[in-house]
Each structure stands twice: as C-alpha cells, then as structure tokens.
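The sequence lines fix the lettering, A, B, ..., with proteins before strands; numbering per chain opens at 1.
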Protein chains: 2
Amino acid sequence: MCQPAEQQEISVAVSTVILALLPGGDGTPRVHLPLVRRTRDPYRDEWALPGGWVCKDESLRDAARRTLAETTGLRPSYLEQLYTFGRPDRSPTGRVLSVVYSALVRTHEATVAEEGENVRWCAADDATGLAFDHDEIVRYALWRLRTKVEYAHIALHFLDETFSMAQLREVYEAVLQRPLDPANFRRHVEASGTIVPTGERLTGTRHRPPRLYRALVPEGSPGPLATAGPLS
Amino acid sequence: MCQPAEQQEISVAVSTVILALLPGGDGTPRVHLPLVRRTRDPYRDEWALPGGWVCKDESLRDAARRTLAETTGLRPSYLEQLYTFGRPDRSPTGRVLSVVYSALVRTHEATVAEEGENVRWCAADDATGLAFDHDEIVRYALWRLRTKVEYAHIALHFLDETFSMAQLREVYEAVLQRPLDPANFRRHVEASGTIVPTGERLTGTRHRPPRLYRALVPEGSPGPLATAGPLS
DNA sequence: TCAAAAGTGTTGGAGCTACACCCATGC
DNA sequence: GCATGGGTGTAGCTCCAACACTTTTGA
C-alpha cells in the first residue's frame with residue numbers, strides 16, 4: 001500500500017501535441033507540430049512538446065489549454081486527452097506524470113503563432129530527438145490522428161470556416177499520406193452529412209470555381225465523455 | 001504558472017474497471033464487474049471501483065495490476081489504460097487524479113475471485129450509485145468495450161484457452177447485446193485469422209460436437225504504444 | 001481554344017445479410 | 001426416429017474503387 005499526495009512525490013504535468021497543416025517543401029500541406037525549446041534543466045536547450053504543471057484548482061483540460069497558450073500563443077479548434085505517461089524514470093529529476101492532450105489548430109491560426117528563438121514548427125514525421133519520452137508521444141499522437149480521421153470528422157478542425165471540397169480532400173491526403181479519388185471522396189463526405197454548401201464559390205482560381213462548404217456542428221457525441229469532445 | 005510536486009498537492013491514484021462475463025438471470029452470459037466496498041472516508045461503506053494509490057517507483061500499469069490483485073485477487077488477461085480523470089472537485093478530500101485502466105478477465109478466473117462482504121460482482125449496466133465519479137467511468141469503459149470489440153480482437157480475453165465457435169459468439173452477443181447470425185459470425189472470425197482449430201471437439205453436449213479453437217497470439221500491435229496492449 | 005480542376009455517371013467486384021439447407025450427435 | 005445446435009451454400013443487396021466523361025472557369 002502506498003500513500004497519497006505529499007508522501008507520493010509525484011508531479012503532475014500536461015503536455016500537448018499540437019497538430020496543424022502547413023505547406024511542405026513541395027507546397028502541398030503536411031502535418032506539422034510546434035516544439036518549444038526548454039529553458040530549464042533537465043534537457044535544457046533541447047526541443048520538447050509544449051506543456052507545464054497542473055495548477056491545484058484547474059482541470060486537466062484547462063491546464064492543457066492554458067500551457068498551450070502560454071508557450072505557443074495558439075488557440076486550438078479541437079482538444080482531446082490522448083494518453084497518460086507515467087514511467088517512474090521518464091524524467092531524471094523526480095517523478096513526473098504527464099497527461100498528454102492532442103490538439104488541432106487551423107492553418108490560419110497556426111501562421112499567427114510567433115515562431116522564434118524558442119518556438120519552431122516541425123514536420124511531424126521529422127520530430128525526433130526530443131526531450132524526455134516525447135518522441136514516443138508524438139508517434140502515438142500521429143497514429144491516433146491517422147486512425148481516427150478515418151471514422152471521426154476531426155479533419156474539419158484543420159480548416160477555416162469555409163473551404164472547398166479540394167481543400168478538405170487535401171487535409172485527408174496530408175494526414176493519410178496517400179492520394180484520394182476526388183469523385184469518390186466527394187460522394188463519401190457528402191453522404192456523411194457533416195458539411196453543407198454555403199452557396200458561395202471560390203473565385204480567382206485558373207479553372208472552374210469550386211463550391212464552398214461549411215462544417216455542420218457535430219450532432220452525435222463521440223462517446224459518453226462529453227468533455228473529451230471538441231471545444232470552441 | 002504552477003509548481004510541481006509538493007506545492008501541487010495532487011494525489012495520484014489508479015482505478016480499474018474489471019470486466020468479465022458471468023451468467024445472468026437467464027443463464028446467458030452478461031458483462032459483469034467487481035465492486036469493492038470502501039472502508040474509509042470519503043464515501044465510507046459505499047461501492048466503488050477497485051484501485052489505490054500509485055507508489056513512488058511503480059509504473060501506472062503495475063499499480064493497476066497490484067491494486068486490482070490486492071482488492072479482488074483477480075489476474076487480468078488484458079489490461080489497457082482507459083482515461084485519466086482529474087476534475088479538481090471529484091474527491092471531497094483534496095485533489096485526486098485517477099488514471100483508470102480497463103481489464104478483462106476470463107470467466108474461469110472470475111469465479112475464483114472471492115466474493116464477500118466487501119467485494120461483489122455486479123451486472124455492468126446496473127452499476128450505478130457508485131462513489132466519486134465512478135458511474136461515469138463505468139459507462140465510458142462499457143462504451144469503449146462495445147466499440148473496440150468490433151474492430152479489435154479483445155473478446156478472446158474473456159474466454160479460456162480453448163473454446164467453441166458458439167462460446168465466442170456468445171461473448172460478442174453479450175457485449176454487443178444483440179443476437180448474431182451463427183453462419184455469418186463463423187465466416188467473419190475465420191476470415192480474420194485470429195483463431196485456429198485445435199483439432200479437438202467438445203463432447204458431452206446433446207448434439208453434434210463442436211470444434212474447439214485456440215486464440216492465435218496477436219501479431220499486429222494495436223498501435224505504437226506496445227505497453228498499452230495485452231499482457232500475459 | 002486549351003489547360004486544369006470541378007463535378008457527374010457507370011460498371012464490376014468485394015463483402016455482407018438473410019435464410020435455406022445438410023450434418024452429427026444424444027436421447 | 002427426432003430434437004438440437006454445428007456447420008455450409010447461396011441469392012440478393014449495398015457499398016466502394018476505378019475511371020470515363022461532361023462542365024466551367026482563366027488565360
């Protein structure tokens with residue numbers, strides 16, 4: 001039998017894997033995430049996921065949203081709890097338990113985030129060599145994104161309020177890393193009933209102007225944990 | 001900004017939703033879970049999920065396995081992290097963060113568990129009025145079981161080493177709470193390649209003796225978190 | 001008129017559901 | 001034999017991938 005609180009000496013932190021679609025080397029969108037440079041030991045000057053300690057009277061979700069804003073200035077369009085990492089030796093300085101959240105931010109919002117000396121956007125698949133066990137966390141978050149995007153409608157949280165069918169398809173292609181048939185993709189998402197045409201069209205392209213769509217507020221909850229669902 | 005450890009005053013506990021199939025009122029299997037009576041405040045004498053405090057040098061998974069054994073004597077055939085509950089007010093006595101695990105135990109093992117004054121098996125859907133936020137936790141665990149059983153091969157962890165096709169079908173019917181076509185069910189699971197016939201048959205029934213099968217050790221991991229997968 | 005992407009139609013195959021049917025055993 | 005569940009076959013249906021084809025704009 002063990003003891004609670006002070007006898008335990010376990011510190012509780014939150015970390016967040018923030019995902020956004022930014023143009024890659026070839027101009028097509030790729031999944032990116034912001035990293036922050038650590039200003040303290042352990043792992044001083046190394047790159048890590050944004051996060052921080054949980055306050056005494058703060059929910060885990062609020063702590064995730066707060067630390068994410070403090071370190072990167074970003075406001076996520078979607079936030080869900082991912083997993084809790086608690087290996088006794090995962091931090092060299094005392095025991096730290098990290099409740100990890102996964103967040104999605106829209107491309108427009110992501111470009112607002114100040115990139116500087118201590119914050120840097122990184123292509124998600126290239127994020128290695130991070131502090132603590134953050135490599136493992138990032139890989140797990142990407143795996144979850146890629147499996148969940150196939151059955152949940154979370155891709156919409158990467159996009160701005162209105163978007164064309166091709167933009168939505170690009171999101172799926174970037175996440176799943178394979179091309180999708182435009183015709184079949186259109187029928188699939190139209191049948192799902194999660195988006196609705198605005199009546200507007202996107203002009204200024206060098207071809208036929210595509211219809212614009214808007215996300216329908218999700219009606220069915222993803223499960224009995226309402227607080228695990230989307231926010232904002 | 002907040003502080004770690006002692007300044008935080010957050011106690012870290014694990015709780016486990018242990019699920020097993022036991023005969024219900026009509027003799028067909030139903031999902032049950034063991035509850036333990038609390039011997040301390042808060043919620044003294046009320047029913048709650050088994051659990052306990054995390055020790056300083058113990059992984060969360062080990063803590064789940066240990067507290068589960070201490071309170072119920074059960075050894076799970078499957079154990080995975082479910083979710084972490086951390087509302088600041090979820091315990092009336094100081095802040096408690098509960099990392100909740102979900103465990104499956106085989107029917108044979110479940111009957112071994114001592115049922116007594118302070119441990120009681122309860123039909124999962126009737127488990128209400130529990131201490132803390134454990135009602136919510138149970139509902140979430142059941143939802144996860146019912147969605148996961150459709151795409152993962154976790155139902156096998158309810159059964160003993162060898163089993164007939166009908167027994168496996170009964171597991172699915174109990175979890176999904178609807179009858180399944182025996183013919184289609186057989187083809188479905190045979191195509192999945194997760195079980196293999198032993199060559200033996202189950203005799204003593206009053207009809208044609210069914211073939212016995214054995215679970216194939218799962219080859220593909222459920223994701224990049226190997227520690228989240230099955231044990232034993 | 002042409003290039004390029006938007007958007008529609010169509011066809012073949014895979015897989016699933018419902019249900020008919022035979023098989024093998026105990027009684 | 002008959003009852004009971006084990007196990008197989010199959011027609012019809014839905015869904016989906018592939019790809020041909022038409023539409024609409026800018027240059």
V100(B) backbone acceptor or donor facing Q81(B) side chain under 3.5 Å = no
Take the C1' atoms of the five end pairs on each side of the helix from dT1(C)-dA27(D) to dC27(C)-dG1(D), get both axes, and report the angle to 10 degrees.
->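 Axis angle across the helix from dT1(C)-dA27(D) to dC27(C)-dG1(D), nearest 10°: 10°.
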Euclidean distance, atom [atom1] of residue [X] to atom [atom2] of [N] [Å, nearest integer]:
| X | N | atom1 | atom2 | answer |
| --- | --- | --- | --- | --- |
| L202(A) | dG26(D) | CG | P | 11 Å |
| E170(A) | dA5(C) | CD | P | 10 Å |
| R169(A) | dA4(C) | CZ | P | 16 Å |
| H188(A) | dC16(D) | NE2 | P | 7 Å |
| E190(A) | dG9(C) | CD | C1' | 14 Å |
| L212(A) | dG7(C) | CG | P | 9 Å |

Would you kindly say whether R90(B) and S98(B) are connected by a side-chain donor-acceptor distance under 3.5 Å?
->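 On atom types as modelled, these side chains qualify, holding a pair under 3.5 Å.
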Between Q177(B) and D125(B), does any side-chain donor sit less than 3.5 Å from a side-chain acceptor?
-> yes
Looking at side-chain heavy atoms only, is the closest gap between [X] and [Y] below 4.5 Å?
| X | Y | answer |
| --- | --- | --- |
| R120(B) | W47(B) | yes |
| F132(A) | R38(A) | yes |
| V105(B) | L19(B) | no |

Is any side-chain N or O of R211(A) closer than 4.0 Å to OP1 or OP2 of dA5(C)?
->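 So the side-chain polar atoms of R211(A) never come under 4.0 Å of the phosphate oxygens OP1 or OP2 of dA5(C).
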Reading 5' to 3' through nucleotides 19-27 of chain C, protein heavy-atom contacts under 4.0 Å coded B for base, S for sugar-phosphate only, - for none = B---BBBS-
Set of residues satisfying side chain to side chain contact (heavy atoms under 4.5 Å, CB included) with respect to E161(B), sequence neighbours excluded = R214(B)
Roughly how far, to the nearest 0.5 Å, is CG of L202(A) from OG1 of T162(A)?
-> 8.0 Å
Can you say whether the rings of Y78(A) and H157(A) are parallel (under 30°), tilted (30 to 60°) or perpendicular (over 60°)?
-> tilted
Given dG6(D), dA6(C), dT8(C), which nucleotide is nearest the side-chain atoms of R186(B)?
-> dG6(D)
